[in-house]
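Values below: all heavy atoms of this structure, side chains included; hydrogens, waters and symmetry mates excluded.
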Amino acid sequence: MSATAAPQTPSNRWIGEAPPSPAGPAKEGIEGLRAVPEIPWPAAVQTLRFTVRQLDFVFGARRRFGEVFGTHTLGDRHVITSHPDHVRSLFTADPADAPSLTGESPLRPIVGPNSTLTALGERHMRQRKLLLPPFHGEAVQRYAS
């Protein structure tokens with residue numbers, strides 16, 4: 001930092017860069033968005049670390065890179081976020097803007113495509129509504145007594 005440069009504060013830290021985008025799907029393209037920091041390890045190492053020690057891998061990357069970071073595993077690139085606004089926007093987004101990967105779950109070969117755990121959209125909601133009543137407070141109290 002030169003003697004004339006202002007110290008980085010929350011109000012001026014984006015000088016010379018595009019400010020971070022608000023949470024939610026980018027409707028008008030990605031021009032002006034900052035690139036997320038990526039884990040610099042080879043894809044094979046990231047895949048192995050993620051597979052063997054998932055929590056250590058993700059929480060360690062969060063400590064080093066912040067709430068939003070990129071990974072590169074064998075075959076795919078991913079962006080992982082733990083920012084509450086981002087997570088909320090993903091859960092409330094239109095499925096066309098943020099499709100669920102539930103249908104690609106590793107459980108799919110075990111439980112099948114019609115399981116509540118792997119179903120998508122209307123099928124998932126219909127099955128979920130059928131399963132929820134036994135888990136409501138009063139029903140659980142009846143089972144406990």
Review point. Do the side chains of Ile80 and Thr71 get nearer than 4.5 Å, heavy atoms only?
Key: yes
Partners meeting salt bridge (charged side-chain N to carboxylate O under 4.0 Å, His left out) with [X] (sequence neighbours left out):
X      : value
Arg88  : Asp85
Arg53  : Asp56
Arg64  : none
Arg108 : none

Exercise for review: Only pairs at least two apart or in different chains count here, so list each ring-ring contact (aromatic ring centres under 6.0 Å, His included) that has a residue in residues 51-73.
Suggested key: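 Qualifying pairs, neighbours excluded: Phe50-Phe57.
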Practice item. Sort and list the pairs that fulfil ring-ring contact (aromatic ring centres under 6.0 Å, His included) and have at least one residue in residues 115-145, not counting sequence neighbours. Key: none
Review point. What's in the same ILVMFWY side-chain cluster as Val111, cut-off under 4.5 Å, chained through other members?
Key: Leu107, Ile110, Leu117
Review point. Linking Ile, Leu, Val, Met, Phe, Trp and Tyr by side-chain heavy atoms under 4.5 Å, what else ends up with Leu48?
Key: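 Same cluster as Leu48: Val52.
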**Study point:** Partner residues of Arg77 under the side chain to side chain donor-acceptor pair (under 3.5 Å) criterion, sequence neighbours left out
**Key:**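 Arg77: side chain to side chain donor-acceptor pair (under 3.5 Å) contacts with Glu38.
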Check your understanding: Considering residues at least two apart in sequence or located in another chain, which fulfil the side chain to side chain donor-acceptor pair (under 3.5 Å) criterion with Thr116?
Key ->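 Per chain and number, Thr116 pairs via side chain to side chain donor-acceptor pair (under 3.5 Å) with Gln127.
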Exercise for review: Using the salt bridge (Lys or Arg N to Asp or Glu O under 4.0 Å) rule, collect all pairs that involve residues 127-145, keeping only residues at least two apart or in two chains.
Suggested key: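 Listed once each, the pairs would be none.
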Practice item. Determine which pairs satisfy salt bridge (Lys or Arg N to Asp or Glu O under 4.0 Å) with at least one residue from residues 66-76, sequence neighbours left out, and list them in order. Key: Arg62-Glu67
Point to revise | For Gly70 against Val36, the heavy-atom pair lying closest together | key: N-CG2, 3.9 Å
Practice item. Return the minimal non-hydrogen interatomic distance between Pro133 and Ala139, and the atom names on each side. Key: O-CB, 3.6 Å
Check your understanding: CG/Leu74 to OG1/Thr47 distance, rounded to the nearest 0.5 angstrom?
Key -> 3.5 Å
**Study point:** Atom pair NE2 (His83) and CG (Leu90), whose distance is rounded to the nearest 0.5 Å
**Key:**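 Here the interatomic distance stands at 12.0 Å.
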